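In what follows, chains are A, B, ... by sequence order, proteins preceding strands, each numbered from 1. Quick caveat, the model's predicted, so the values are computed rather than measured.
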Amino acid sequence: MAADDERHLRERLTKLRGLPLLRGTRLSGDAKRLEQQLERIEEPEPSDQEIWRSVDLARHSERPYTLDYVERLFEDYVELHGDRARAEDPALVTGLASFRDRTIALIGQQKGRDINERTRRNFGMAHPEGYRKGMRLMEVAQRHGFPIVTFLDSPGAYPGVAAEQHGQGGAIARSQALMARLTIPLVSCIIGEGNSGGAIAIGLVDRVLMQEHAIYSVISPEGCAAILWRDDAEKVKAALALKPDAAHCLELGVIDEIVSEPKGGAHLNPDEAARLLGDALGRTLDQLSSVPGAELREQRRERYRRIGIYTAGATEPALRGGS
Amino acid sequence: MAADDERHLRERLTKLRGLPLLRGTRLSGDAKRLEQQLERIEEPEPSDQEIWRSVDLARHSERPYTLDYVERLFEDYVELHGDRARAEDPALVTGLASFRDRTIALIGQQKGRDINERTRRNFGMAHPEGYRKGMRLMEVAQRHGFPIVTFLDSPGAYPGVAAEQHGQGGAIARSQALMARLTIPLVSCIIGEGNSGGAIAIGLVDRVLMQEHAIYSVISPEGCAAILWRDDAEKVKAALALKPDAAHCLELGVIDEIVSEPKGGAHLNPDEAARLLGDALGRTLDQLSSVPGAELREQRRERYRRIGIYTAGATEPALRGGS
Amino acid sequence: MAEPRIDVSIEHKHRPDNSDGAGKHPNTCPSCGSHYRDDELEANLRVCPQCGHHFRVRARERIAQLADAGTFQEEAVELRSEDPLAFFDLRPYTERLAEAEVSTGLGDAMVIGSAAIENEACELAVMDFAFMGGSMGSVVGEKLTRAADSAIERKVPLVAVTASGGARMQEGILSLMQLPKTVCAIEDLRDARCGFVTVMSHPTTAGVLASFASLGDIIVSEPGALLAFTGPRVVQQTTREKLPDDFGLAESNLRFGHLDAILPRSELKPFLGRALRLFRNGR
Amino acid sequence: MAEPRIDVSIEHKHRPDNSDGAGKHPNTCPSCGSHYRDDELEANLRVCPQCGHHFRVRARERIAQLADAGTFQEEAVELRSEDPLAFFDLRPYTERLAEAEVSTGLGDAMVIGSAAIENEACELAVMDFAFMGGSMGSVVGEKLTRAADSAIERKVPLVAVTASGGARMQEGILSLMQLPKTVCAIEDLRDARCGFVTVMSHPTTAGVLASFASLGDIIVSEPGALLAFTGPRVVQQTTREKLPDDFGLAESNLRFGHLDAILPRSELKPFLGRALRLFRNGR
Ligand SMILES: [Zn+2]
Ligand SMILES: [Zn+2]
C-alpha cells in the first residue's frame, strides 16, 4: 500500500471512528455496523466509475421494484388502500403479509413498469396522501405488534402544486415522528433510489439494509447539479460529490448492511436478488424481535440523535475528526 | 299526587333504576347522576310545551354561542387552526386557554351571528376536516395533560357531497375512538343543539353538562319528521316523540348535570349564563382532576358500554325494565 | 365573493346501475332484469349470474356463506329491544318491533356468535337490513359490544358485516349513544390486540358508518354498496348540489381512500381467511 | 382518459407582492420601493412602515426582538461544520463555510440558548438565512437537538424560529439524516411534556419544513413567508403546471390547514408570551 493511500485510509478511519463517539453512547446494533465499516475500510474507496454505475443500476428500468420482492418473499399478501381521508395514492403501496411465518406490515414506494403503470403510480413519487396511508398502516402494525418493513425506491416526494397544498412537508415530518414513537421493529430496505425527504419519510428505522447498487442521497444528482452547478447536465459531477453509493453510506454510518446483488445487478436475476435480500431481512428481523419495544424505540432515537460530523472547538476536542 | 301520576312516576323510576344495573358495575360518577335523576323524578315530567320551548330556545338566533362563552370564561385564549392536511374548517373552533388558572383545550362547534359569519362557518356544520382539526387538538391536549372541554352546538355534521367524499362517517368514528383512548379529563357542555353524529363526534367524554334549554338528539326534529312522518312539517310531533330536552336526557342517564339558565333563556343574560356554566364546569373539572388517567379512561368506556335499555328474556330477568 | 375555506371540488363518476328496484320482485335483478328462483340465487351467493349485481344477503345466509359448516355458535339470542320513550310515530315502536321479529325471525338487526372461517377461529357480528332497516338501537349496540368481549376473551379477531340505515330513531338519544358505546367496545378490542375486519355491505350509512364500522383494521366492501354518512336523497335536498353519479358508492369510497378493497362476494371468504391467518401469525 | 386518483384540483389566489428583490439594496422595500436607514428598519422590527412588508431578520436581531432584555444565554457556540465528503462543487465546502462565518459572524445557521419571553422561561433556537441559506447540516441538527435537551432538562418549552432553504447538500447523506435526528429530538421533548412552538419565517422549505419545523404544538408564521417542501421554481420546471399566485405562501398554508396563525411581527412576542404561559399553567 502506498504511503499516500495509507494516510488516506487512516484519515477516513479516524473520521469514521469519530462517529460513534459523538455522544458517547454505544448501541447494540453498532458493533456489527462498525465491524462492517472497518472491514470495508480495508477495501479501496469506490472509484468514480463504480459510484456512477450504482446511480445507473439503481434507476435501471428493469430493476426489481417493491412488488417484485413482495411477490417473491411474502405470502398471504393483503394490500391495503387509502388514507381514510381524501385519496388512495398508488405511488406508495401498503399491506400486510406473512414473511417466514411472521406477519409483517409492508410500506413500499412503487414505480411502474410500463407507461400506464408509471403514470398511474406517478413514477413512484408519493403525494402527502401516500405518506398518510403509510402512517395509517403504522398504526395498525403498532396495535398488533407487527414489525414494519419499508422499501425505498423513488425519485422523491412529488413536487407538484396539489402535493404542496396538501402538506407535503408536514406529512413527511409527521410520518418520521410517528416512526420515532413506535415500539415495534422497523427495517428499511433501500432497493433502488432512496432520495431526500421522500425516502426518509418512511426511513426512520432500527436497521437499514441497502442493496449493493442502490443509492441513498439527500437530493438527486440532477437536482444537486441544477442548484450547485446551475446546470443539470453536471449530474455525474454532482453524483460523485454526493457519494450516494452503498459503500459510502455504510462508511458514514447511515446504513447497517450492504446486501449483495447478483453479478451485474439485481435486474439480471430478480429471484436471486430476492433470495439475498430475504436472507438479510430475515436475519435482521430475528435480531430485532428479541429486543423489548421500549428499548427498540430508545435505541432508534439514540441512533439518529448521534448522526452528524462536526467539531466542537476547544471544549470538546474528542469530537474533532480527521484532517 | 294522583294515583295515576304516582304509578307513572314509579314506572319511570323502575326503568331508570334498570339503567345502572345493566352491566352490574357502578361508576364513581354515577352516585351524583343517580341522585339528580331521583330528585328530578319527584318533579312532573316536562310538558309538551316545555319540550318544544327548549327546541325553540336552543336554536334561538341570539343564544350565546361557543365563542361567547370563551370570551366570558377563558383567558389567554389562543385559537388554533387547520387539520394539517387539507383545510381549515371554521365551523368547529379549537384552541388553548386558561380557565381558572388551569390550561384547557377547547373544541367547540360555532354558528355564525350575522349572515356573513353564518356562511363562513357553514351554520356550524363541520366537514370531516373540522373533526380532524379537533383530533389534532386532542393529541396536543393528551401530550401535555390539558383537560378537554367541548361545546356542542350544531344542526349536525354537514350533509354535502364534498363532506361525504372526504369521509364524514369515518372522521366522526375516529374522533370518538380517539376520545375513548385519551387519559385526560374530558367534559362536554351542550349549549344549544347537540345533534346526531356531529355532536357525539366530540361528545364521548367523562361528564356531560347540559344547559336547561339545550337539546340533545339522535336527529333533528325536522329530519325525524321527514323520515317517520314523511312530512317535515310534523317537526313538533317528532320533537315530542324524541324528547331531546335536558330533563329527559338526565332521566335516561345520558347527561350528568342540568345547568340552569337565566330566567327566560341564556340569550337574555349571556353573562349570567356564562357564570352558571363556568361554575358547573369548574366543579366538574375539579372532581375529574383527582382521578388518575388510566382510571378516567376505564370509567369513561364503562360509562358508554352500559348505556342502553333492553330486555334479556328469561336468562337475565334483572335487566327487564318497567312496563 | 366568499372564498371556499374547504376545497369542495367534487369528482363526478358514472354511477353503476344499482337502484334497489323498489316494487319489483326481490329475486328480479334491478340491474339487468333477469329473474331467478330463490335457490338459484342462494346457490350463487345472491349475485346475479348475468350481470354480477350483488343482491342483499340476510344475516343467517351471510353467516352460512362465511362460516365453516357447523362452526357458528350464536350468542345473546335472547336480547330484545325495550321502548324507553314510549315512541309513537305513525305506529307504536313496540308494534314495529313485533312485526319485524315475526317477518325476519330475528330478535333484532344483528346476529353474533363464535365461528371459524377457513379454519381460523373468530367472532362474527352480522347485521340484517330486513329488521327495521338494520337500524342500531340498544340491542344492536349491546350485541356488538358482547361480540367484542367474546373476541377478547377468546383472543380471536372480530369480523363485522354491516348493513344499516343508521341509528334507530325510535330509541331517541339512547340510539345515538350506541355510537360511543360500540366505539368503546372496539377500543377495548384494540387494546387486547385482537384483529378487527369490517365488511360493509349495501347499505352502510349514518350511525353505523360513523361508529364501529369505520374502525376496522381492514375495511372491505362489495361492488355497488352505498356507504355514506348522509344518503343521496338528503344531500340532494339539503344542498341542491348535483350529485356525482357514483355518489357514496363503494367505488367512490375506494377512490377517496376510505376502503381497503372492493371484493366480489365469491372472494370474500378466502380474503377473510387470509386476513385472519395474518392476525393469528402476528400474535 | 386516465382518472386522477388524487384530487389535484388547485386553488388559485392572488399572490401578495413579496419577491425578494434580488439585486436591490437590502434596505429597499421590494414591495413598495421605500428605502430606509438600517436603524429605522431595526426600530420597526424590520417591517416596512409604508406597506407592512416583512424583511428578513438575522438570528441575533430576532433574539433581541423576542427575548426579554439580558435573558438570552447562548449555548453550543463552539460547534463548527466538518467536511466529511470533501465536497467540492464550484468551490470547496470548507471555503464556503469560512466565508459564511466571516460574513455573518456565526458558527453556523442556527443560534440556540436559554431565554425568557415576557418573563416565561424557555429555550430558543433561531435560524439565520444569511448563513448558507439557512441550510441544515450536522451543526444545525446537533444544535436543535441540544436545544431540545436543554429544554427537557429545565422543563421549559422550546421556541424555534426557522428560515431555511433545506438540507445542506454539501454534507451529502449526513444532511438528510438531520431530518430524523431533529425529529427524534422533538419526540423526546414531547415525551418530556415540554411545549414546542415553531415560528416559520421566510423562507422555510424542504428538509427543515419536512422535519422539526412541522412538529410544533403550535405553528405560526409571518405574512408573505414562503413555506414549501419544494419551491415554486422547481415545481414549475418539473410539472409545467401554472402555479397559483400565492403558491406556498403562509396565506395559502393557513387556508389549507397547515398553520395556526399568521402574525404580524409586532404581535409575535405577545403571542409567544401567551402560549408559554399556557404551557406553564398546564404542567
Ligand atoms: Zn343482473
Ligand atoms: Zn414597503
Under 3.5 Å, is there a donor-acceptor pair between the side chain of D:Glu241 and the main chain of A:Gly160?
-> no
Specify which of D:Gly137, D:Gly166, D:Ala185, D:Ser81 makes the most heavy-atom pairs with chain A at under 4.5 Å.
-> D:Ala185
So which of A:Ile200, A:Ile227, A:Leu240, A:Ile219 has the largest heavy-atom pair count under 4.5 angstrom toward chain D?
-> A:Ile200
Of the listed residues (A:Ser196, A:Gly194, A:Ala180, A:Cys224), which shares the most heavy-atom pairs with chain D below a 4.5 Å separation?
-> A:Ser196
Test item: A:Lys243 side-chain N/O and D:Leu85 main-chain N/O as donor-acceptor pair under 3.5 Å = yes
Ignoring hydrogens and angles, tell me if any N or O in the side chain of D:Ser138 forms a donor-acceptor pair with the backbone of A:Ile309 under 3.5 Å.
-> yes
Side chain, backbone, both or neither: which part of D:Arg190 has an atom under 4.5 Å from a heavy atom of chain A?
-> side chain
Scanning both residues in full, the closest heavy-atom pair of A:Ser217 with D:Ile173 reads N-CD1, 3.7 Å
Residue D:Gln237 excluded, over 12 heavy atoms near CD under 6.0 Å = yes
Working to the nearest 0.5 Å, report the span between OH of A:Tyr216 and CE of D:Met177.
-> 3.0 Å
On a heavy-atom basis, the closest approach of A:Ala157 and D:Phe229 is CB-CE2, 3.8 Å
A:Trp229 and D:Phe88: which non-hydrogen atoms are nearest, and at how many Å?
-> CZ2-O, 3.8 Å
Report yes or no: does A:Glu164 contribute a side-chain atom to a donor-acceptor pair with the main-chain N or O of D:Phe247 at less than 3.5 Å?
-> no
Any donor-acceptor pair under 3.5 Å from D:Lys181 side chain to A:Arg305 backbone = yes
Choice from D:Gly172, D:Gly107, D:Ala210 maximising heavy atom contacts with chain A below 4.5 Å = D:Ala210
Between D:Leu174 and A:Leu252, is a side chain to side chain contact (heavy atoms under 4.5 Å, CB included) present by the stated rule, with each step listed?
-> CA-CA 8 Å; D:Leu174 288 176; A:Leu252 290 164; 3.9 Å; yes
Decide, yes or no, whether a salt bridge links D:Asp89 with A:Lys237 under the criterion of side-chain N to carboxylate O below 4.0 Å.
-> no
Are any non-hydrogen side-chain atoms of D:Gln170 and A:Leu228 less than 4.5 angstrom apart?
-> yes
Look up atom CG in A:Asp231 and atom CG in D:Leu90, then write down how far apart they are to the nearest 0.5 Å.
-> 10.0 Å
Proximity breakdown for D:Leu215 and chain A, heavy-atom pairs closer than 4.5 Å = side chain
Heavy-atom closest pair (D:Arg146 atom, A:Tyr310 atom, distance to 0.1 Å) is NH2-OH, 3.8 Å
Interface moiety of A:Gln176 toward chain D, non-hydrogen atoms closer than 4.5 Å = both
Apply side chain to side chain contact (heavy atoms under 4.5 Å, CB included) to the pair A:Tyr304 and D:Cys184, showing each step before the final yes or no.
-> CA-CA 7 Å; A:Tyr304 287 98; D:Cys184 286; 4.0 Å; yes
Locate the shortest heavy-atom distance separating A:Ala312 from D:Leu79; write the atom from each residue and the value.
-> CB-CD2, 3.7 Å
Passes side chain to side chain contact (heavy atoms under 4.5 Å, CB included), A:Tyr158 versus D:Thr238? Steps please.
-> CA-CA 9 Å; A:Tyr158 187 62; D:Thr238 315; 5.5 Å; no
For the pair D:Asp191 and A:Arg181, find out whether any cationic side-chain nitrogen is under 4.0 Å from an anionic carboxylate oxygen.
-> no
Under 4.5 Å from any heavy atom of chain A - which part of D:Gln236 = neither
Evaluate side chain to side chain contact (heavy atoms under 4.5 Å, CB included) for A:Gln168 paired with D:Thr230, printing each intermediate quantity in order.
-> CA-CA 9 Å; A:Gln168 192 68 282; D:Thr230 309; 5.8 Å; no
What part of D:Glu187 is in contact with chain A, defined as an atom under 4.5 angstrom from a non-hydrogen atom: side chain, backbone, both or neither?
-> both
Side chain from CB out, backbone as N, CA, C, O: work out which of these in D:Phe87 comes under 4.5 Å of a heavy atom of chain A, or both, or neither.
-> side chain
